[in-house]
Structures are given as structure tokens and as C-alpha cells.
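Structure first, then comments.
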Amino acid sequence: MPTPSMEDYIEQIYKLIEDKGYARVSDIAEALSVHPSSVTKMVQKLDKDEYLVYEKYRGLILTPKGKKIGQRLVFRHELLEDLLRIIGVKEENIYEDVEGIEHHLSWDAIDRVGDLVQYFQEDSKRIEELKEIQQKNEDLD
Ligand SMILES: [Mn+2]
């Protein structure tokens, strides 16, 4: 299993390749707010662990194993954003909150979060009921 830091890299690399068709060390460094030398080091480790293939002058590509995990990590991030949005977390907090929790949930918990998101998405009345509770709680403050 990849470590939380490896997960962040695989997730960003997957997203960059999805969006732009390629992932350069400089783009990864910018996306993760880290120094390019840290990216090079991590990319070498990910290459060694067979998540990607890195060739200095030709860039990098994800292996099937890297792609599969990348897809799951991006799905997990987006699912948790959906959850926080549905339960009314302020937009300005959503990204950082997800970055903070995403590595610390089991895939079991992620599946259950998926059920919960589906529960709300299937009937907007449920979201309205939650908002009513939130309104009541705010009035108590
Ligand atoms: Mn993330």
C-alpha cells in the first residue's frame, strides 16, 4: 500500500495526465507546493514500486497499477468533497479538509460514505431536512 505522501503524488499525477495528457516534474511540484527535487525523489520511489515509469527526458507514465490506484484516489477525493458539500461545509474549507482526512479512512469507510452521499443525492428532501436541523442549531448559538 502507498503511504499518504505517495498517495498525494499518485493522485496529482493521475489528475495532471487526465487534464493535460502529461505530468511534468514542475507541474507536480506546483500542484503539491513542494520543491522539484522532492518530486524527483518521490517519482524515483514510485518508479521503483512500479506505480509509474520515469524517464528523465521523456517524462513519466503511470503503470496499470498506478492508474488503477490513481483513479481510486481521485474518486475518493471527489466523494469526500461531495460529502462535505452536501452536509453544508463552507466552500472555502472543503479542499483543505478533504486533503486532511482522505488518507485516514479505510476503504470500508469510503464505501459507506458513498452510501451516505447516495442517500442524500437520491432525495433532495433529505438535504432539506438536514438544513432544517442546521438552522435550528444555529439559532441556538
Ligand atoms: Mn486529495
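We count ligands from 1, going down the list as the structure has it; atoms in each ligand are counted the same way.
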Requested in this report: Using a cut-off of strictly less than 2.8 Å, determine whether Glu99 has an N/O/S atom near the Mn ion (ligand 1).
Outcome: yes
Report task. Could you confirm whether Asp8 has any N/O/S atom lying under 2.8 Å from the Mn ion (ligand 1)? Result -> no
Requested in this report: For residues Tyr9 and Val39, determine if any side-chain heavy atom of one lies less than 4.5 Å from a side-chain heavy atom of the other.
Outcome: yes
Report task. Run the salt-bridge test on Glu11 and Arg76 with the 4.0 Å N-O cut-off and return the result as yes or no. Result -> no
Query raised in the report: So with a 6.0 Å cut-off around NZ of Lys41, is the heavy-atom count from everything else above 12?
Result: no
Query raised in the report: Which of the N/O/S atoms in His77 sits closest to the Mn ion (ligand 1)?
Result: ND1
Query raised in the report: With respect to the Mn ion (ligand 1), what is the nearest N, O or S atom of Glu102?
Result: OE2
**Report entry** Donor-acceptor contact below 3.5 Å, side chain Thr40 vs main chain Pro36
**Finding:** yes
